[in-house]
Asker: 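Sharing a structure below in C-alpha cells format, with a few things to ask.
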Amino acid sequence: MTELISPELTVADGQPYAYARTELVEPDWTRMPGFKDVTAEEWRSVQWQRSHCVKNVKQLRDVMGDLLEERVYEDLTRDQAERATMSMLLPPQMLNTIVPNGAPDYTEAFYADPVRRYMLPMFTDRRSDWPSHPHATRDSLHEHEMWATEGLTHRYPTKVLAEVLPTCPQYCGHCTRMDLVGNSTPVIDKLKFTIKPQQRLDDMLDYLRRNPGVRDVVVSGGDVANMPWPRLEAFLTSLLEIENIRDIRLATKALMGMPQHWLSDDVRAGVERVATIARQRGVMVAMHTHVNAAQSVTPLVAEATKAMFEAGLRDVRNQGVLMRGVNDSVPQLLDLCFALLDGATITPYYFYMCDMIPFSEHWRVSVKDAQHLQHGILGYLPGFATPRIVCDVPYVGKRWVHQLSEYDEVRGISYWKKNYRTGIEQQDPEALNRTYEYYDPIDTLPTEGQDWWRTHAGDSIEAASAQAAASRAAAESQKLLPII
C-alpha cells in the first residue's frame, strides 16, 4: 500500500500528523523471480500458500534470486546459526509485503523494511554490545510456571490462555513464546508438550468446568490457524457448553500472514457454526490478530476480516508489538492504526512492549519512549480504537505504560505493583504489596547507566545464554500447581 502521510500534508495541515485515507493495494508478487508465473487463483489458494512457505535461506534465494545481493543471504545464514530463537517460516503472502512497491536498490530497501526487520532478522540487526539483557529469559513472562494443566496458563483471576498447539503458519523473530513455539534452532532447544494433543485439550476443558471463576479464554498457541478445523471447532463447541465461559478470543496472526486460510469455504462455514452457537448462548467470540506495520494490511486481509464478521464474530482486534525499526514512531503507529481501522475494520487494541527474551535488545524500546508514543497517538483515533501501549511485566501482567510506581531512568529500571494474585501466588500474603521490576534496553540508557550495568551484570553473550538456559530448566522442572 502507498504511504498514508507526507511531509507536505503535515505542514499544510498544521498538525504533527495529518490523516489521509488510502486505498489498499495487493502488492504484485510477480516482481519476485520465484513467483513470476504464479496465477491469482494459485495465490488465493491456502494449499498453495502453505506449500510454498519460505523455510530456509535456500528457499528465500529461490524466490528472490538476484533481487538481493549475496550479503543478505550470508547475513541471514549467520543469524540462523548464532542468534535466531525462531526458525524461518514466511508464507508467500507475508513475503510479498516486504518492499511491496519494489525499489531501485532492492537490497538496501530489504534491509530497511519494517516487516523484514521482525520476520527475517539478520545478524547485523542484532546488537553487538548488548545482544541480550542480563535479565532476559526464555519464558520471559513465566507462563509455564502458571500452567494449571499443560498449556493452560492461569495468570489473571478471571482469564486463561489456552496454548492449544505449538506451531504457527509463520514465525516472528521476536516471539514471546519462543521457548515452546516452533522448531528448535542452533541457539534454542525448544520445550515440548508431553501429553497427547487431545488429552491436553480435555484436561483444559475439565479444569475450566471445575473453576467457575474463569469467564474468558484466549485460544492461542502457536496460532489456531495451524490446528485442523474439525479439532478446533470441537474444542470451541465444548468451551461454549461451559456455563461460566462468556468470552472466547481466537488468536491468529494468520489473518494477516495467511488470510487465505480464513477465506477457505470449510473454515468460514465452521466459524459461522461456532458463532451461531455463541450468539444463542450469549457468549462473545472475537478474533485477535497481530499486525505490526501498515503495509501488511492488504485487500486480502480486509476480505478475510469481512468474512469473519459475516460469519458472525463479534469483533476483530489487533495486538501489535512495539519494536525499534518497525513501528517506533507516532506516524508509523497512526499509519498502522488507520490502515487497520479504515482498510480492514480491525480495531487497534494493544501494542505490547517487546518482551525480554534472549537476543531481542535491538527490537526493545524503553518505557520512557513507550510513554511518549502513547502520548503522541492520543486524540487522532476514536476512543474505542485508540490502542493502549502496555508493558507485560513478569509476574504482574499487562500494565499501561503510565502505571509504573517508580522509574530509575538512569539505570532503566521501572517498578510496578499489581492488584491480583497469579495462579502461583494464592498463598503469598505479600504478592499485592511487592514491587516488580522491568528493565529498559541498556543501549538506550545514559553513559552512567550503561557503566552501572557493565559493573553489576556484565555484557557477555555467555552470561545471557546461561540465564536463558536457567530459565528453561526452571520451566521444565516446574510442577503443575492446581489453582483453586
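Computed from heavy atoms alone, side chains included, the values below leave out hydrogens, waters and symmetry copies. Quick note: residue numbers are just sequence positions, from 1.
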Asker: Compare all side-chain heavy atoms of T444 with those of R324 and state whether any distance is below 4.5 angstrom.
Answerer: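 Side chain of T444 against side chain of R324, heavy atoms only: contact under 4.5 Å found.
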
Asker: Hey, what's the ring geometry for Y207 with H154, parallel, tilted or perpendicular (30° and 60° as the breaks)?
Answerer: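 Answer is perpendicular, since the angle exceeds 60°.
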
Asker: What pair of heavy atoms forms the shortest contact from A302 to G343, and how long is it?
Answerer: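 Shortest heavy-atom contact: CB-O, 3.3 Å.
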
Asker: Using the side chain to side chain donor-acceptor pair (under 3.5 Å) rule, take S329 and Q332 through it: C-alpha gap first, then chi angles, then the decisive distance, then the call.
Answerer: CA-CA 5 Å; S329 73; Q332 286 173 321; 3.1 Å; yes

Asker: Take D392 and R155 through the salt bridge (Lys or Arg N to Asp or Glu O under 4.0 Å) test and state the conclusion after the steps.
Answerer: CA-CA 12 Å; D392 211 340; R155 190 178 180 199; 2.7 Å; yes

Asker: Is there a side-chain contact between D203 and I195 in this structure, where contact means two heavy atoms from C-beta onward sitting under 4.5 Å apart?
Answerer: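 SC-SC contact between D203 and I195 confirmed.
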
Asker: Quick one: are R126 and W363 in side-chain contact, heavy atoms under 4.5 Å?
Answerer: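 Yes, side chains in contact.
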
Asker: Verify, without hydrogens or angle tests, whether T345 (side chain) and L341 (backbone) share a donor-acceptor contact under 3.5 angstrom.
Answerer: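 Flag not set: sc T345 to bb L341 has no pair under 3.5 Å.
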
Asker: Quick one: side-chain hydrogen bond (donor to acceptor under 3.5 Å, both in side chains) partners of Y350, sequence neighbours excluded?
Answerer: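 With neighbours one apart ignored, the set is empty.
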
Asker: Is the shortest side-chain N to carboxylate O distance from E150 to K192 below 4.0 Å?
Answerer: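 Between K192 and E150 there is no salt bridge, as every charged N stays at least 4.0 Å from the carboxylate O atoms.
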
Asker: Would you check if the side chain of D223 reaches a backbone N or O of A254 as a donor-acceptor pair within less than 3.5 Å?
Answerer: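 Checking the backbone N and O of A254 against the side chain of D223, a donor-acceptor pair under 3.5 Å is found.
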
Asker: Looking at residues at least two apart in the chain, or sitting in another chain, which of them share a side-chain hydrogen bond (donor to acceptor under 3.5 Å, both in side chains) with E69?
Answerer: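 Only R71 meet the side-chain hydrogen bond (donor to acceptor under 3.5 Å, both in side chains) criterion with E69.
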
Asker: Is the closest side-chain heavy-atom distance between L120 and V54 below 4.5 Å?
Answerer: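 No, every pair of side-chain atoms sits at 4.5 Å or beyond.
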
Asker: Please name all residues satisfying side-chain hydrogen bond (donor to acceptor under 3.5 Å, both in side chains) with D328, sequence neighbours left out, ordered by chain then number.
Answerer: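 So D328 forms no side-chain hydrogen bond (donor to acceptor under 3.5 Å, both in side chains) with any residue.
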
Asker: Give, for atom CD1 of I248 and atom CZ of R314, the distance between the pair rounded to the nearest 0.5 Å.
Answerer: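 Reported to 0.5 Å precision, the distance equals 13.0 Å.
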
Asker: Determine whether V401 and V390 make a side-chain contact, defined as any pair of heavy atoms from C-beta on separated by less than 4.5 Å.
Answerer: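 With C-beta onward as the side chain, the pair stays apart.
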
Asker: Cut-off 3.5 Å, side chains only: do W400 and Q374 have a donor facing an acceptor?
Answerer: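 Side chains of W400 and Q374: pair found under 3.5 Å.
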
Asker: D75 and Y111: side-chain donor and acceptor closer than 3.5 Å?
Answerer: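 Judged by distance alone, the side chains do pair up.
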
Asker: Indicate whether any N or O donor in one side chain lies under 3.5 Å from an N or O acceptor in the other, for R31 and N101.
Answerer: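 The criterion, which ignores hydrogens and geometry beyond distance, is not satisfied for N101 and R31.
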
Asker: Are Q295 and D113 close enough that a side-chain donor and a side-chain acceptor fall under 3.5 Å?
Answerer: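 Yes, a side-chain donor-acceptor pair sits under 3.5 Å.
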
Asker: Near K398 NZ, under 6.0 Å, is it more than 12 heavy atoms from other residues, nucleotides or ligands?
Answerer: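 Atom NZ in K398 is packed in, count exceeds 12.
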
Asker: For the residue pair Y439 and W453, does the interplanar ring angle fall in the parallel (under 30°), tilted (30 to 60°) or perpendicular (over 60°) class?
Answerer: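 Rings of Y439 and W453: perpendicular, as their planes differ by over 60°.
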
Asker: We want to know whether W262 and T252 form a side-chain donor-acceptor pair, criterion being a heavy-atom distance below 3.5 angstrom.
Answerer: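 There is such a pair between these side chains.
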
Asker: Spell out, as yes or no, whether a donor-acceptor pair under 3.5 Å connects the side chain of E361 to the backbone of D443.
Answerer: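 No; zero donor-acceptor contacts below 3.5 Å.
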
Asker: When you compare the side chains of D440 and S366, does any donor N or O come within less than 3.5 Å of an acceptor on the partner?
Answerer: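 No, S366 and D440 have no side-chain donor paired with an acceptor closer than 3.5 Å.
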
Asker: Begin with the C-alpha distance, continue with both residues' side-chain angles, and end with the deciding distance and a verdict on side-chain contact (heavy atoms from CB on, under 4.5 Å) for Q93 and W29.
Answerer: CA-CA 9 Å; Q93 173 74 25; W29 57 84; over 6 Å; no

Asker: Show your reasoning for whether side-chain contact (heavy atoms from CB on, under 4.5 Å) applies to N292 and K253.
Answerer: CA-CA 10 Å; N292 293 322; K253 188 185 182 75; 4.2 Å; yes

Asker: When rounded to the nearest 0.5 angstrom, what distance separates CZ in R116 from CG in L90?
Answerer: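 Those atoms lie 11.0 Å apart.
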
Asker: Would you say the side chains of T185 and Q80 form a donor-acceptor pair under 3.5 Å?
Answerer: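 Side chains of T185 and Q80: no pair found under 3.5 Å.
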
Asker: Working to the nearest 0.5 angstrom, can you tell me the gap between M353 CE and S414 OG?
Answerer: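 One gets 7.5 Å once the value is rounded to the nearest 0.5 Å.
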
Asker: With a distance cut-off below 6.0 Å to the six-membered ring centre and an angular limit of 45° from the axis, does R388 pair with F351 as a cation-pi contact?
Answerer: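 The answer is no, since R388 fails at least one limit relative to F351.
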
Asker: So, do K190 and V181 sit near enough that their side-chain heavy atoms are less than 4.5 Å apart?
Answerer: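 Heavy-atom side-chain distance check fails, nothing below 4.5 Å.
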
Asker: Quick one: are L336 and L340 in side-chain contact, heavy atoms under 4.5 Å?
Answerer: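 Yes, close enough: below the 4.5 Å cut-off.
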
Asker: Start with the C-alpha gap between L322 and L373, add the side-chain angles, then the distance that decides, and say whether side-chain contact (heavy atoms from CB on, under 4.5 Å) holds.
Answerer: CA-CA 10 Å; L322 197 62; L373 289 168; 3.8 Å; yes

Asker: Just do the ring pair (Phe, Tyr, Trp, His ring centres under 6.0 Å) check on H135 and H456 with the steps written out, would you?
Answerer: CA-CA 12 Å; H135 286 280; H456 290 79; over 10 Å; no

Asker: Hey, could you give me the OH/OG distance between Y118 and S360, rounded to the nearest 0.5 Å?
Answerer: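 Rounded to the nearest 0.5 Å, the OH-OG separation comes out at 16.0 Å.
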
Asker: Heavy-atom count check: over 12 atoms from other residues, nucleotides or ligands less than 6.0 Å from D66 CG?
Answerer: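 No, the 6.0 Å shell around CG holds no more than 12 heavy atoms from other groups.
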
Asker: Is the charged tip of K306 near the ring of F309: under 6.0 Å from the six-membered ring centre and within 45° of its axis?
Answerer: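 Here K306 fails the 6.0 Å and 45° test against F309.
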
Asker: Using the rule given for salt bridge (Lys or Arg N to Asp or Glu O under 4.0 Å), can you reason through R138 versus D179, listing the C-alpha separation, both sets of side-chain angles and the distance that settles it, and then say yes or no?
Answerer: CA-CA 5 Å; R138 298 172 51 130; D179 194 40; 2.5 Å; yes

Asker: Before giving the answer on side chain to side chain donor-acceptor pair (under 3.5 Å), spell out for E26 and T298 the whole-Å C-alpha distance, their side-chain angles and the decisive distance to 0.1 Å.
Answerer: CA-CA 5 Å; E26 203 73 43; T298 74; 2.9 Å; yes

Asker: Under a 4.5 Å cut-off applied to non-hydrogen side-chain atoms, are C53 and P169 in contact?
Answerer: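 Counting from C-beta outward, C53 and P169 never come under 4.5 Å.
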
Asker: With a cut-off of 6.0 Å (strictly less than), are more than 12 heavy atoms of other residues, nucleotides or ligands near CG of D265?
Answerer: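 Counting other residues, nucleotides and ligands, CG of D265 stays at 12 neighbours or fewer.
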
Asker: Can a donor-acceptor pair be found between the side chains of H288 and R317 at a distance below 3.5 Å?
Answerer: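 Their side chains do contain a donor-acceptor pair, which is all the 3.5 Å distance test asks for.
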
Asker: Is it true that the side chains of H261 and R50 contain a donor and an acceptor less than 3.5 Å apart?
Answerer: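 Side-chain D/A pair, H261 to R50: present.
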
Asker: Please determine, by modelled atom types, if N226 and T167 share a side-chain donor-acceptor pair under 3.5 angstrom.
Answerer: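 Side-chain D/A pair, N226 to T167: present.
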
Asker: Evaluate the criterion salt bridge (Lys or Arg N to Asp or Glu O under 4.0 Å) for residue pair K58 and D62; output intermediate values, then yes/no.
Answerer: CA-CA 6 Å; K58 179 183 181 302; D62 290 342; 3.2 Å; yes

Asker: Which distance, rounded to the nearest 0.5 Å, do you find between the CG of D202 and the CZ of R200?
Answerer: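 Output value for this atom pair is 10.5 Å.
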
Asker: Please check if any side-chain donor atom of E425 sits under 3.5 Å from a side-chain acceptor atom of Y395, or the reverse.
Answerer: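 Short answer, no.
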
Asker: Quick one about T39 and E41 (side-chain donor to acceptor, distance below 3.5 Å, no hydrogens or angles considered), yes or no?
Answerer: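 Side-chain D/A pair, E41 to T39: absent.
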
Asker: Is there a ring pair (Phe, Tyr, Trp, His ring centres under 6.0 Å) between W48 and F35 once you walk through the steps?
Answerer: CA-CA 12 Å; W48 187 92; F35 295 153; 5.6 Å; yes

Asker: Between atom OG1 of T85 and atom CZ of R177, what is the distance when rounded to the nearest 0.5 Å?
Answerer: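 Reported to 0.5 Å precision, the distance equals 14.0 Å.
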
Asker: Start with the C-alpha gap between E70 and R61, add the side-chain angles, then the distance that decides, and say whether salt bridge (Lys or Arg N to Asp or Glu O under 4.0 Å) holds.
Answerer: CA-CA 9 Å; E70 183 62 28; R61 191 196 303 268; 2.7 Å; yes

Asker: In sequence, state the C-alpha distance, the side-chain angles, and the governing distance for W416 and E437, and then conclude on side chain to side chain donor-acceptor pair (under 3.5 Å).
Answerer: CA-CA 6 Å; W416 309 76; E437 298 176 349; over 6 Å; no

